[in-house]
Novice: 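Let me begin by handing over the structure; questions about it come next.
All values below come from the heavy atoms of this structure, side chains included, with hydrogens, waters and symmetry mates left out.
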Amino acid sequence: MKSSPKIEVRSTACPHDCPSTCSLEVEKLGEQKIGRVRGAGDNSYTAGVICAKVARYAERTHHPDRLMYPLKRVGAKGAGQWEQISWEEALDTVAREFLDREAKHGAATVWPYYYAGTMGLVQRDGIERLRHSKQYSGQNSTICVNLARAGWKAGAGAYRGVDPREMAKSDMIVIWGTNAVHTQINVMTHATQARKERGAKIIVIDPYRNATAIAADSHLMLRPGTDGALAVAVMHILFKEGYADRAYLEKYTKGYKELEAHVQSKTPEWAAEITGLEVSEIYDFAHMIGQTPKTFFRLGYGFSRSRNGAVNMHAALCIAAITGCWKHEGGGAFHTNGDIFHWDKTLIEGLDVLNPSVRMLDQSRIGPVLTGDKKDLGDGPPITAMIIQSTNPMDVAPELAKVHEGFAREDLFVCVHEQFMTETAKMADIVLPATTFVEHDDIYQAGGQNHITLGKKVIEPLGECRSNHEVVCALANRVGAEHRGFEMSSLELIEETLSSSGWSDVDSLEKSKWIDAQVPFEQAHFLEGFGHADGKFHFSPDWSLVGPDFAGMPSLPDHWDVIQKADAEHPYRLVTAPARNFLNTSFTATATSLKREKRPTVMLHSEDAKRIGTDSQSLVRMGNKQGSLLIHVEIFDGVLPGTVISEGIWPGKFFIEKIGINLLVGADAAKPNGGAAFHDTAVWIKPVSD
Ligand SMILES: Nc1nc2c(c(=O)[nH]1)N[C@H]1C(S)=C(S)[C@@H](COP(=O)(O)OP(=O)(O)OC[C@H]3O[C@@H](n4cnc5c(=O)[nH]c(N)nc54)[C@H](O)[C@@H]3O)O[C@H]1N2
Ligand SMILES: Nc1nc2c(c(=O)[nH]1)N[C@H]1C(S)=C(S)[C@@H](COP(=O)(O)OP(=O)(O)OC[C@H]3O[C@@H](n4cnc5c(=O)[nH]c(N)nc54)[C@H](O)[C@@H]3O)O[C@H]1N2
Ligand code: SF4
Ligand SMILES: [Mo]
């Protein structure tokens, strides 16, 4: 359905933490009202397709539960008693608390904490300028991308890869560890085009028959955390059966002879034992790869969220370098772009005032940090003050028991800037209302494709909502933080950042709507050399170049056996995969999403359910050393016995005991550079009689 010609349509980008970063068209129905949201038909990646939850964005922006005014806590922490206050009073209070605590403990006692609730460069990252100009404690942003990026970098040396639009020219698309139908629907747009036009095959590698696997031609259903074993067995077959492109290996790679010798013992039989796959499935997969020059490996995040995740990402990536499929249009691999945008973030993030000797804290270890773990705090002061923007750690961080305990500390002052009363906001002393993306200006860079898109505000802010940039500047002013970025508007920051990064300017970008930043074919396919100093793909990575905590990592791709294995006490392995109608915990307030997702569940194979003595819709208790929770059962045979799936991320309030699934997920930092192992948890499950 087209908009009526009378309705004004503005173009912008989806701000959510999703690799698709769709270019959007938003109906403006009034000064403060949006209507329908559509995918831009003229953007070659978005191609008019967006997910259902963002198509109904008016439901989120105009939700009756949107925070509209600053609030001050009047009851006990977390009790939900608030008093409406003015912005002046709210900001003055935050500034006073920060300054008092700084005077007592030093600036490192303040921890600005943020993530990617919005992906706009100005609104997301401006908080870093406040941090750096005050020398507040640093944040190592480990919660999402570190493991995957470490593995990719170790092999390819640079964050770029085959243009994802090239999937349409592939003969086989391997969707590895990403549930694209839920998490980045546009992968499917381009993959299915290849199937329609060229009869391409879509192969999914995932521990459960998720929506993407259902849409695929074949599905390798392996045990979580075992992708490294599958990958090396595939390499074994490729070398042994003459599918390795030796001329390519000679020219573009380093260490292939060692690799060939190493994988000789990594037989499909060995891998079948570890992965739970049939030997024949591994052979079929390897043969298809060997026989299909235009194979496109779309490597996702999901399979990196294990303790061996970086090694598994690297191992999967190695396959493309053995067959040399990189040489062909429609062949090669892609995980993320990052380097192609060559941003100069000095102004937005205040990198010119960064003091590298200031303490860095691991974002994923917020539980241990707030409960005073010396491993994290080092010789520095405890964290006694926080400002939190664009993230909801009370639900999304690992080891939730510690996170909850930390936020309950009486001596911890917390200001949360949010669009909704999330569980984190509930624990705050001051809550500030935030604009949604249609109410502020920003610029967006895609993670899973190649566009930079301008997103100027569509409507005026609702209620008294203010953008992250406004809050950061107002607070900077009150705590004595100095930087010229605090004196500039969002658009001025965008203008200068575009220009210093070698891009155009706001006016031209407004006309063109987006920039296609894709690098030429030879660069995207690494035909001019890989990103390492020697220009080669590295089969035997120097992990020390990727992260400081590399001791014990295997020197060649392998099944690295450091996952939380099932044992007699914890017979099941839990994967906490993304639900289709939520985006992390965003959209958990909108009625349509809630209705579709129903309630938190654990999906169990019928054999497991029988063994446990439970049935569909029953309650079970699921736990490990970190704690346990009550959850409803859904019988689902699209999973190997022993693997259990819980889609989310459901906020704690939807669980019977008011704490979410990450109660069970460990916060130990994965090697070599930190990262949370969200899909790598061994649990026990017991029936509950009610
Ligand atoms: N069990 C389990 N846990 C996980 C994961 C998993 O797969 N399983 N995935 C992990 C991953 S990959 C990630 S990235 C994290 C993400 O976890 P979060 O960072 O919490 O994710 P979001 O829901 O994207 O965004 C958080 C909040 O940002 C707010 N927000 C949006 N825009 C703005 C804005 O402009 N200003 C302000 N102030 N706030 C805004 C939203 O209202 C939302 O409440 O969760 C991690 N946790
Ligand atoms: N609808 C929706 N969309 C989202 C999100 C959401 O929560 N909901 N989150 C957003 C965010 S922050 C991110 S980072 C991206 C992430 O998007 P993805 O790259 O898709 O990563 P994950 O969401 O972690 O997991 C996806 C799949 O990985 C599988 N998986 C888990 N462990 C393994 C393993 O060991 N091996 C293999 N082969 N597969 C495994 C899971 O079963 C799941 O199907 O999605 C974004 N988009
Ligand atoms: S698919 Fe991702 S980027 Fe596109 S509209 Fe949905 S959440 Fe936004
Ligand atoms: Mo993420």
Side-chain angles (χ1 to χ4, degrees), residues 67 70-83 85 90 93-94 96-98 100-101 104-105 108-115 136-137 139 143 361-377 380-418 420-432 584-585 588 600 623-630 648-667 676:
L67 293 166
L71 299 170
K72 171 171 99 177
R73 172 170 73 86
V74 289
K77 279 211 177 202
Q81 288 163 290
W82 305 99
E83 185 181 294
I85 55 172
T93 307
V94 179
R96 192 182 60 241
E97 294 288 345
F98 278 21
D100 283 357
R101 286 148 201 267
K104 196 161 157 212
H105 300 285
T109 196
V110 181
W111 196 23
Y113 191 89
Y114 76 110
Y115 204 56
Y136 291 151
S137 274
Q139 171 177 309
I143 209 159
L361 298 172
D362 183 337
Q363 170 195 27
S364 302
R365 292 187 48 79
I366 182 171
V369 166
L370 292 186
T371 50
D373 196 322
K374 281 282 161 207
K375 275 201 304 291
D376 297 279
L377 296 175
I383 296 303
T384 63
M386 297 183 80
I387 172 160
I388 301 178
Q389 284 185 323
S390 320
T391 186
N392 181 18
M394 279 283 289
D395 288 317
V396 306
E399 280 184 34
L400 276 187
K402 284 189 187 157
V403 180
H404 286 209
E405 186 188 328
F407 274 108
R409 267 172 48 202
E410 282 302 331
D411 64 326
L412 174 68
F413 173 83
V414 176
C415 168
V416 175
H417 185 203
E418 247 300 344
F420 287 87
M421 187 57 81
T422 58
E423 311 241 310
T424 308
K426 252 191 245 164
M427 296 306 289
D429 299 281
I430 297 283
V431 175
L432 304 174
N584 304 319
T585 60
T588 56
N624 58 16
K625 292 189 178 70
Q626 288 174 206
S628 72
L629 45 80
L630 288 170
I649 310 169
W650 286 93
K653 67 179 176 188
F654 294 100
F655 284 80
I656 294 160
E657 294 152 313
K658 309 299 173 208
I659 186 161
I661 200 78
N662 285 352
L663 172 65
L664 308 177
V665 171

Novice: Checking Gln626 side chain against Val665 main chain: does a donor-acceptor pair fall under 3.5 Å?
Specialist: yes
Novice: For Lys658 and Lys653, indicate whether the former's side chain and the latter's backbone hold a donor-acceptor pair under 3.5 Å.
Specialist: yes
Novice: Name the one of Lys77, Arg96, Lys72 that satisfies salt bridge (Lys or Arg N to Asp or Glu O under 4.0 Å) with Asp429?
Specialist: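 Only one option passes, and that is Lys77.
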Novice: Is there a side chain to side chain contact (heavy atoms under 4.5 Å, CB included) between Leu361 and Ile383? Walk through the geometry before answering.
Specialist: CA-CA 10 Å; Leu361 298 172; Ile383 296 303; 3.6 Å; yes
Novice: Between Trp111 and Val369, is any pair of side-chain heavy atoms under 4.5 Å apart?
Specialist: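 Answer yes - side chains close enough.
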Novice: Tell me, with the steps shown, if Val416 and Phe407 meet side chain to side chain contact (heavy atoms under 4.5 Å, CB included).
Specialist: CA-CA 12 Å; Val416 175; Phe407 274 108; 5.8 Å; no
Novice: Could you walk me through whether Ile430 and Ile85 pass side chain to side chain contact (heavy atoms under 4.5 Å, CB included), step by step?
Specialist: CA-CA 9 Å; Ile430 297 283; Ile85 55 172; 4.0 Å; yes
Novice: Could you go through Leu370 and Lys402, starting from their C-alpha distance and side-chain angles, then the distance that decides it, and tell me whether this counts as side chain to side chain contact (heavy atoms under 4.5 Å, CB included)?
Specialist: CA-CA 8 Å; Leu370 292 186; Lys402 284 189 187 157; over 6 Å; no
Novice: Are the side chain of Thr109 and the backbone of Pro382 linked by a donor-acceptor contact shorter than 3.5 Å?
Specialist: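 Side chain of Thr109 to backbone of Pro382, a donor-acceptor pair under 3.5 Å: yes, one is there.
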Novice: Which residues pass the side-chain contact (heavy atoms from CB on, under 4.5 Å) test with Asn392, sequence neighbours left out?
Specialist: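 Counting only residues at least two positions away or on another chain, Asn392 forms a side-chain contact (heavy atoms from CB on, under 4.5 Å) with Met394, Asp395, Thr422, Glu423, Thr424, Thr585.
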Novice: With no hydrogens and no angle check, is any side-chain donor or acceptor of Asn662 less than 3.5 Å from a backbone partner on Leu400?
Specialist: no
Novice: For the OG1 atom of Thr371 and the CG atom of Asp376, what is their distance to the nearest 0.5 Å?
Specialist: 8.0 Å
Novice: How would you list, by chain and number, every residue that makes a ring-ring contact (aromatic ring centres under 6.0 Å, His included) with Trp650, sequence neighbours excluded?
Specialist: Phe582, Phe654
Novice: Looking at OG of Ser137 and OH of Tyr113, how far apart are the two atoms once the value is rounded to the nearest 0.5 Å?
Specialist: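 The distance works out to 13.0 Å.
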Novice: Would you find a donor on one side and an acceptor on the other, under 3.5 Å apart, between the side chain of Glu399 and the backbone of Ala667?
Specialist: yes
Novice: Hey, is the main chain of Tyr114 close enough, under 3.5 Å, to the side chain of Gln139 for a donor-acceptor pair?
Specialist: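 Pair found, side chain donor or acceptor close to backbone of Tyr114.
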